[in-house]
Amino acid sequence: MNKGEITKVSGPLIEAKGLSDANIYDVVEVSDDKLIGEIIEMRGDVASIQVYEETTGIGPGDVVVSTGRPLSVELGPGMLEKMYDGIQRPLEKLEEMAGEFLKRGVTSKPLDREKKWEFKAIAKQGAYLTGGDIIGEVEETSVITHKIMVPYGIEGKVKEISDGEFTVDSQVCLIETKDGEKSINMIQNWPVRKPRPYKKKLDPNTPLITGQRVIDTFFPVAKGGTAAIPGPFGSGKTVVQHQIAKFADADIVIYVGCGERGNEMTDVLNEFPELIDPKTGESIMKRTVLIANTSNMPVAAREASIYTGITMAEYFRDMGYAVAMMADSTSRWAEALREMSGRLEEMPGDEGFPAYLASRIADFYERSGRVEVLGENREDQGSLSVIGAVSPPGGDLSEPVTQATLRIVKVFWGLDYDLSYQRHFPAINWLKSYSLYQEKMDAYIDKEVNEGFSTNRKRAMSLLQQESSLLEVVRLVGRDALSDDDKLKLDITKSLREDFLQQNAFHEVDTYCSLEKQDKMLDLILFFYDKSLEAMQKGLDLNKIENLEVKERITRAKLVSEENLGEFENIKDQIVKELDHIEKGAN
Ligand code: ADP
Ligand code: MG
């Protein structure tokens, strides 16, 4: 039987009996309202079902029907610029995020069935295609060409194909397979909990450039890489995620607002459409999909939301794009998992989280990567980078979600309460954070931007590391106990912190910094250091160096516009001149 009857309701979890033909992970329709649920446990003919909608008014005796299909998303033209909830129901308006506006059980289709797309055939009649091969293209937005691919599992000869205007559900291609003719339209359905296949995973080799100095210069993430941002409340996780969503040089951004306050998604909705992508000159929404499952929406749908998001992300990766996915916050997702596990009365592990927490987190991040995409006739690559915020209670990194995440991700941006308290933003602690991609990314930037880049970067980090012990000395015995060399060193590290690491997300110019500018800024500070050292060796007073007028220009260098990077040479010239001048004056 695929039809059963509710025996018990416990919040978002219900139990139903009589479902002998249903399977774990089947999607079910609950009650006459047809609420959407998913079977998460089967014992005999009794199913435990998580329901993705409010279950008030549902009770024992109500009918449950299994659809026999796993929880899936619809993939095809029309996802970009959209906002969806955790199970891919389109959210048209802001108010819908309040939850109560979501009419239960009423599901409009994720992809518009009315809209006609201009389909351009790519595959030729008679060509032999396999899953992943490109049939044709649709200009989905002014910046993204949507590749229509042969669904996984289908292969054969193209029998019919033609250009034209089509809705997503009409046939664009007929393929003769060994099991008969298969009509292909522009929709692919894919079960969200199953990674989409590819030919081969490759090592990430290029940086995902975020325009955030502390990230790109010191703790870079690769295209196809993984990063986590743990930090206490108010330390800047969401701002970092937003900055990356706005500025990263990804082709596609999938932003999942997961269990956080609704007003943060409201900010996204207000801001993102106004923002212009430096790469295309168009609104960044033209390459973005938003998934909102805020704290006031049903908890089970939150559990699903990151799978919905990553499945969409994989689909765009399969087109050969560089995709970046953000999840804010994976802790809220893990809490949803914990809540469902508790209601199932599973044996709790660490801090009440289920024992499978770590493997779920690992499985999720494993879906990232740079890959050779599927398709016999294709040789291109796509990448999927995943960046997850983690909100450890009280900022305590030893808790299970943070620990499980750090075991799997390759980049750790540790946000620091003290730094955010001092309004040092982004509050990424430069002594605790790390990136395991650094070496590869250094090689890339040295080659593409400036061969001296990595040398400068290492030198700057070494200075910052020395700073903490120097500051300890200052704390104990006072600054006067330091040699002039060490005092100068502290001047420079202060400059590195304030003029380079600090970056104001809300300043028109400072909000984004190209790699070229990052390189020049770092180079400028170190140039000033070297020239000052030289001058001091010639006997110049540290005081005089500290009072140079040009220091103001170094401080303001972060506000030099991207069109005006020649300015950095001028500042360097001024450093030389001013030092020359006081040297001469001193003699
Ligand atoms: P979290 O998500 O960790 O709770 P938020 O990202 O909401 O924290 O950041 C809290 C506040 O910190 C922001 O509203 C903003 O005032 C400030 N902030 C964070 N990052 C920056 C930044 N890069 N530049 C300027 N202000 C920032
Ligand atoms: Mg936040």
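Counting starts at 1 for both ligands and their atoms, in listed order.
Put simply, the side chain of R479 never gets that close to the backbone of V474: no donor and acceptor are under 3.5 Å apart. Listed for the S385 side chain is a donor-acceptor partner under 3.5 Å among the backbone atoms of G224.
Distances between N or O atoms of F425 and those of ligand 1 include no value under 3.5 Å. Backbone and side-chain nitrogen or oxygen atoms of S235 are examined, and one is located within less than 3.5 angstrom of a nitrogen or oxygen of ligand 1. Not a single N or O atom of R261, backbone or side chain, sits closer than 3.5 Å to an N or O atom of ligand 1.
The distance from ligand 1 to the heavy atoms of N504 drops below 4.0 Å at these ligand atoms: 24 (N), 25 (C). Within ligand 1, counting atoms from 1 as listed, the ones closer than 4.0 Å to a heavy atom of Q503 are 22 (C), 23 (N), 24 (N). Taking every non-hydrogen atom of R423 and a distance limit under 4.0 Å, the qualifying atoms of ligand 1 come out as 16 (O). Of all the atoms in ligand 1, the ones that sit under 4.0 Å from a non-hydrogen atom of F506 are 15 (C), 25 (C), 26 (N), 27 (C). Shown in contact with G236 at under 4.0 Å from a heavy atom are these atoms of ligand 1, numbered in order with element: 1 (P), 3 (O), 5 (P), 6 (O), 8 (O), 9 (O), 19 (C). Listed by atom number, the atoms of ligand 1 under 4.0 Å from A505 heavy atoms are 22 (C), 23 (N), 24 (N), 25 (C). Contact atoms of ligand 1 toward P232: 3 (O) (distance under 4.0 Å to a heavy atom of the residue). In the vicinity of F233, heavy-atom distances shorter than 4.0 Å reach the ligand 1 atoms 4 (O).
For atom 2 (O) of ligand 1, the nearest protein heavy atom (residue, atom name, distance) is T238 OG1, 2.8 Å. For atom 10 (C) of ligand 1, the nearest non-hydrogen atom of the protein is G234 O, 3.5 Å. Taking atom 14 (O) of ligand 1 as the reference point, the nearest protein heavy-atom neighbour is V239 CG2, 4.7 Å.
A cation-pi geometry, defined here as NZ or CZ lying under 6.0 Å from the six-membered ring centre and within 45° of its normal, does not hold between R302 and W333. Both the sub-6.0 Å distance and the 45° axial angle are satisfied by K572 relative to the ring of F527.
Environment of NZ in K82: crowded, with over 12 heavy atoms of neighbouring residues, nucleotides or ligands closer than 6.0 Å.
For G231, the heavy-atom gap to ligand 1 stays at 4.0 angstrom or more.
At least one side-chain heavy atom of F364 sits less than 4.5 Å from a side-chain heavy atom of V386. In this structure the side chain of E282 never reaches within 4.5 angstrom of the side chain of D277, judged on heavy atoms. Annotation: side chain of W430 is in contact with side chain of F219 (closest heavy-atom distance under 4.5 Å).
Under 3.5 Å, the side chains of Q574 and R553 contain a donor-acceptor pair of N or O atoms. With hydrogens and angles left out, the side-chain atoms of S295 and R261 include no donor and acceptor closer than 3.5 Å.
For atom 6 (O) of ligand 1, a protein heavy-atom neighbour is present inside the 4.0 Å cut-off.
The distance from the Mg ion (ligand 2) to the nearest N/O/S atom of T238 is under 2.8 Å.
For Q243, no heavy-atom contact with ligand 1 is shorter than 4.0 Å.
The aromatic rings of F272 and Y255 sit perpendicular to each other, their planes meeting at more than 60°, with 30° as the lower class boundary.
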